[in-house]
Amino acid sequence: MKFNATARSVQGSSASRRLRRAGRVPAIVYGGTAAPLNIELDHNEIYHALRKEEFHASILQMALEGAAKEEQVLLRSVQWHAYKPQVLHVDFQRVDANQALHTKVPFHFINAEISPAVKLGGAIISHVLTELEVTCLPAALPQFIEVDLKDLLPGASVHLADIKLPKGVTYVPHGGDANPLLAATAVVKGGAAAADEGEAEAPAA
């Protein structure tokens, strides 16, 4: 994805407030061998970009006004207003094609509705993790990691070891949990499974 940026020469809290009143967002680009670069963004453009999942988990093309070529960056953090739909500040990190990234990638859970757990067991599938912290080279960074639930049985669960990570992507464990739980099933009381059981136990008329 691509976004537009303008170099920002004036810094400080008062300058940032003036930018925001003018519909602009202060931001910074850091990392790599170059010095940190203060930039500003159009609020509407960055607001709508941030609502797209791929903007959070993709290598981004920053088109800096006046620059000869676009620069590759990765979104690192966003500061939002406490109660308004307003972006206050954005941090980006420069990307080096030969240097591994450390970032989070979202999960896409698919085919839950056709799994035995849901169709036969009347279960609800809970997504325990929605994203995974990984390390990989920029070229190997996936926009998402797919978790296919079509074979999930009632009472079963899905752990990281049950899926295959994209080539070149390595999980970064936390707290010694090398095989985290991704999704689990729970049968709803009064659901399909309970209804079937009640029919089986009902006395003949």
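From a predicted model like this one, the values you see are computed outputs, not experimental measurements.
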| request: May I ask whether V118 and L153 are part of the same hydrophobic cluster, defined by side-chain heavy atoms of I, L, V, M, F, W, Y residues being less than 4.5 angstrom apart, directly or through others? | output: no

| request: Taking the side chain as every heavy atom from C-beta outward, state whether P173 and D177 have any atom pair closer than 4.5 Å. | output: no

| said: Ring-plane angle category for H81 and Y83, please: parallel below 30°, perpendicular beyond 60°, tilted otherwise. | reply: perpendicular

| task | Compare all side-chain heavy atoms of E71 with those of R94 and state whether any distance is below 4.5 angstrom. | result | yes

| Is the shortest heavy-atom distance from the side chain of K2 to the side chain of L60 under 4.5 Å? | no

| request: Decide yes or no on side-chain contact (heavy atoms from CB on, under 4.5 Å) for V73 and I59, but give the supporting numbers first. | output: CA-CA 6 Å; V73 299; I59 304 300; over 6 Å; no

| field | Same apolar cluster: Y30 and L64, side chain cutoff 4.5 Å | value | no

| side-chain contact (heavy atoms from CB on, under 4.5 Å) between L181 and L129, intermediate numbers included | CA-CA 7 Å; L181 176 64; L129 284 185; over 6 Å; no

| R8 side chain to A27 main-chain N or O, any donor-acceptor pair under 3.5 Å? | yes

| field | Any donor-acceptor N or O pair under 3.5 Å, side chains H56, Q143 | value | no

| Backbone N/O of I125 and side chain of T185: donor-acceptor pair under 3.5 Å | no

| Sub-4.5 Å side-chain heavy-atom contact between L182 and V128 | no

| For the ring pair F3 and F92, is the centre-to-centre distance below 6.0 Å? | yes

| Roughly how far, to the nearest 0.5 Å, is the CZ atom of F109 from the OG atom of S115? | 12.5 Å

| remark: What one should report as the nearest heavy-atom pair of A178 and Y171 is O-CE2, 3.9 Å

| query | Once you round to the nearest 0.5 Å, how far does CG of D162 lie from CG of L160? | reply | 8.5 Å

| field | Worked verdict on N4 versus E65 for side-chain contact (heavy atoms from CB on, under 4.5 Å) | value | CA-CA 7 Å; N4 300 302; E65 185 179 6; over 6 Å; no

| request: Give the minimum heavy-atom separation between C136 and A140, together with the two atoms involved. | output: SG-C, 4.1 Å

| field | Polar side chain donor-acceptor pair, E133 to H102, under 3.5 angstrom | value | yes

| message | Membership question, hydrophobic clusters at under 4.5 Å side-chain separation (ILVMFWY): are V78 and L101 in the same one? | response | no

| request: Could you grab the distance from atom CG of D148 to atom CD1 of I110, nearest 0.5 Å is fine? | output: 4.0 Å

| message | Minimum heavy-atom separation for D151 and P116, please, with both atom names. | response | C-CD, 4.0 Å

| field | Interatomic distance, F107 atom CZ to T130 atom OG1 [nearest 0.5 angstrom] | value | 8.5 Å

| remark: Distance col, row R24:CZ vs R18:CZ, nearest 0.5 angstrom, shows 14.5 Å

| message | Tell me the closest heavy-atom pair linking A5 and I39, and the distance in Å. | response | CB-CD1, 3.9 Å

| query | What are the two closest non-hydrogen atoms of L137 and Q99, and how far apart are they? | reply | CD2-C, 3.8 Å

| field | Point-to-point distance, once rounded to the nearest 0.5 Å, from CD of Q86 to NE2 of H43 | value | 5.0 Å

| said: Could you tell me if the side chain of L75 sits less than 4.5 Å from the side chain of D91, heavy atoms only? | reply: no

| query | If Ile, Leu, Val, Met, Phe, Trp and Tyr residues are connected whenever their side-chain heavy atoms lie under 4.5 Å apart, and connections chain through other members, are F55 and F144 in the same group? | reply | no

| task | Say whether E40 and T6, considering side chains only, have a donor N or O and an acceptor N or O under 3.5 Å apart. | result | no

| said: Do L88 and W80 make a side-chain contact, defined as non-hydrogen atoms from C-beta onward lying under 4.5 Å apart? | reply: no

| request: Please confirm whether the backbone N or O of E45 pairs with a side-chain atom of D42, one donor and one acceptor, at under 3.5 Å? | output: yes

| query | Do the non-hydrogen side-chain atoms of P180 and H174 ever get within less than 4.5 Å of each other? | reply | no

| message | Counting C-beta onward and ignoring hydrogens, is there a side-chain heavy-atom pair between P154 and L120 closer than 4.5 Å? | response | no

| query | Do the charged groups of E131 and K104 touch, with an N to O distance under 4.0 Å? | reply | yes

| query | Should V25 and L19 be marked as a side-chain contact (heavy atoms from CB on, under 4.5 Å) after you check the CA-CA gap, both sets of side-chain angles, and the distance that decides it? | reply | CA-CA 6 Å; V25 179; L19 277 177; over 6 Å; no

| query | Is I28 linked to L37 within one hydrophobic cluster, defined over Ile, Leu, Val, Met, Phe, Trp and Tyr using a side-chain heavy-atom separation of less than 4.5 Å? | reply | no

| field | Salt-bridge criterion met for E113 and K119 (N-O under 4.0 Å) | value | no

